[in-house]
Amino acid sequence: YDYANFVQHLMGSAEAHIANTPWQPLTGGRAQGVLMGGYLRNVALMLENIPQAILMEEYVVVLVFKGHATIQVEGEEFQLSPGHLFICLPQVLLKHAMVSMDIEVRGFSVSRAKAEELLNDTGLKWNFILSAKKYDLVQVNQKQKEIICLYYDLLRNLLQEPSTPLTRKSLHHIFSALVYAVCEVFQQAEQEQPARAFTSAENIFQRFATILEDPAQPLCNVSGYAERLNISPKYFSMICKELSGQTAKALIIEETVKRAKILLRNQSLSVKQVADCLGFQNQSHFGTYFHRHMGLSPQQFRRAKGNE
């Protein structure tokens, strides 16, 4: 049913419908929907002022407490029910979102840059992203739900407080804990719940990500990683672009800069020692590389971090 058919078939007039039933527009939009299991209370809504398709630019996480929802992710339909944890990755197309009148959720979104900064700290960034690609939707247990809600409510309460340096630092750490709690849910789902098998390309990319994110493994160029994976550099680059949205070279640069920043925070290491640890020919080459990608020299970065 669209809105007009619903009114015509069941209510007789739009005025009576709006005045005497629980059908309500959300965020100012005129509601449309379909009947689900009843005539009035169980109505799923679709808003006219929400686009039919949305290309997400952020990470979006939603935990369903009550009600039901239906959403299409890259053409695949998902049914969300109480206890479901749903994650949407950046550059994913959402279509035809519909929710029941009694829907109740906790959710948050985080920019791609911030999410991946937090995931980098875990050393499991790409393993998590591949898990999320496999599942999209997992069922949380009571303990997981309580932990996620604990961090969520702490954030909501802190956001009501005046902003101070300590409050902002607390917000950062609690939000990090919330993101890590979500990661833990998907990591456990990987171990406990059956899911589709990785494709050959995903297996290759997972092996690459495991090697890349292991600080004990020396860094290589694109050809070096392709050789370790027993594939051609061209195919390796194609897999990286397809599964991560980034080129193989960009992923290697990202990991190199991340390791450099970690090592530079260690004041006991000289810049030359940092360059040696990362496999650069000399300190000058490392300094040029770091400045190109960070906009400041290793020494400037170290001084800035020391003053924080």
Side-chain angles (χ1 to χ4, degrees), residues 26 36 44-45 50 54-112 114-159 171 173-198 202 206 243:
L26 303 179
M36 296 178 63
L45 299 181
I50 301 298
I54 305 173
L55 183 65
M56 303 304 298
E57 298 295 338
E58 308 87 15
Y59 287 81
V60 177
V61 178
V62 175
L63 177 59
V64 182
F65 280 74
K66 183 181 177 183
H68 301 272
T70 303
I71 193 165
Q72 282 189 18
V73 181
E74 298 287 308
E76 184 178 358
E77 187 170 283
F78 292 90
Q79 304 287 335
L80 279 65
S81 300
H84 277 152
L85 183 67
F86 171 76
I87 187 166
C88 180
L89 303 179
Q91 300 303 305
V92 165
L93 191 66
L94 296 185
K95 296 179 68 176
H96 305 302
M98 305 178 73
V99 300
S100 64
M101 286 293 297
D102 59 348
I103 194 75
E104 181 182 334
V105 303
R106 303 286 187 275
F108 65 91
S109 65
V110 56
S111 71
R112 183 171 187 165
K114 185 62 179 178
E116 294 182 359
E117 173 191 325
L118 295 174
L119 291 172
N120 274 332
D121 290 341
T122 69
L124 296 170
K125 171 183 169 181
W126 291 111
N127 281 319
F128 166 73
I129 290 174
L130 285 175
S131 293
K133 282 178 178 288
K134 285 173 67 178
Y135 289 96
D136 294 296
L137 187 68
V138 296
Q139 184 77 37
V140 299
N141 59 41
Q142 185 61 31
K143 187 64 176 178
Q144 292 168 332
K145 181 179 176 181
E146 290 172 359
I147 291 171
I148 290 173
C149 289
L150 172 64
Y151 294 136
Y152 185 91
D153 292 341
L154 280 172
L155 279 174
R156 291 292 298 270
N157 290 334
L158 267 178
L159 286 169
L171 284 168
H173 288 301
I174 294 170
F175 185 71
S176 300
L178 175 59
V179 171
Y180 298 150
V182 171
C183 292
E184 182 66 23
V185 170
F186 280 88
Q187 291 292 308
Q188 290 186 20
E190 182 81 41
Q191 300 169 9
E192 299 171 2
Q193 299 179 17
R196 68 168 178 82
F198 277 140
E202 287 171 338
Q206 186 180 43
L243 294 178

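Along the sequence shown, residues are numbered consecutively beginning with 1. Because only heavy atoms are used, hydrogens play no part in the values below, and waters and symmetry mates are left out as well, while side chains stay in.
At a threshold of 4.5 Å between non-hydrogen side-chain atoms, the residues H68 and I103 do not count as touching. Put simply, the side chain of F78 does not reach to within 4.5 Å of the side chain of Q72, judged on heavy atoms. With contacts defined as side-chain heavy-atom distances shorter than 4.5 Å, the pair F86/I71 qualifies. With a 4.5 Å cut-off on side-chain heavy atoms, F108 and L178 count as touching.
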Residues I148, V185; criterion side chain to side chain contact (heavy atoms under 4.5 Å, CB included); working and verdict: CA-CA 10 Å; I148 290 173; V185 170; 4.1 Å; yes
Test L155 against L171 for side chain to side chain contact (heavy atoms under 4.5 Å, CB included), laying out the working first. CA-CA 6 Å; L155 279 174; L171 284 168; 3.7 Å; yes
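In this structure, Y59 OH and S109 OG are separated by 13.0 Å, a value rounded to the nearest 0.5 Å. Distance check, rounded to the nearest 0.5 Å: CD of E146 to CG of L150 gives 9.5 Å. How far CG of L154 is from SG of C149: 11.0 Å, rounded to the nearest 0.5 Å. Put simply, NE2 on H173 and CG on L158 are 12.0 Å apart, with the number rounded to the nearest 0.5 Å. With rounding to the nearest 0.5 angstrom, the CZ atom of R156 is 14.0 Å from the CD1 atom of I174. Taking CG of L63 as the start and CZ of R106 as the end, the distance is 8.0 Å to the nearest 0.5 Å.
Listed here is the closest heavy atom pair of G67 and S100: CA-OG, 3.5 Å. Q139 and P82 get closest at one heavy-atom pair: NE2-O, 3.4 Å. Pairing each heavy atom of E202 with each of L243, the nearest pair is CA-CD1, 3.7 Å.
Donor-acceptor pairing under 3.5 Å is recorded for the side chains of Q188 and Q144. Counting only N and O atoms by type, the side chains of S111 and E58 include no donor and acceptor under 3.5 Å apart.
Just one residue in the list V64, V62, V61, L80 forms a side chain to side chain contact (heavy atoms under 4.5 Å, CB included) with L85, and that residue is V61.
F175 has its ring centre no less than 6.0 Å from the ring centre of Y151.
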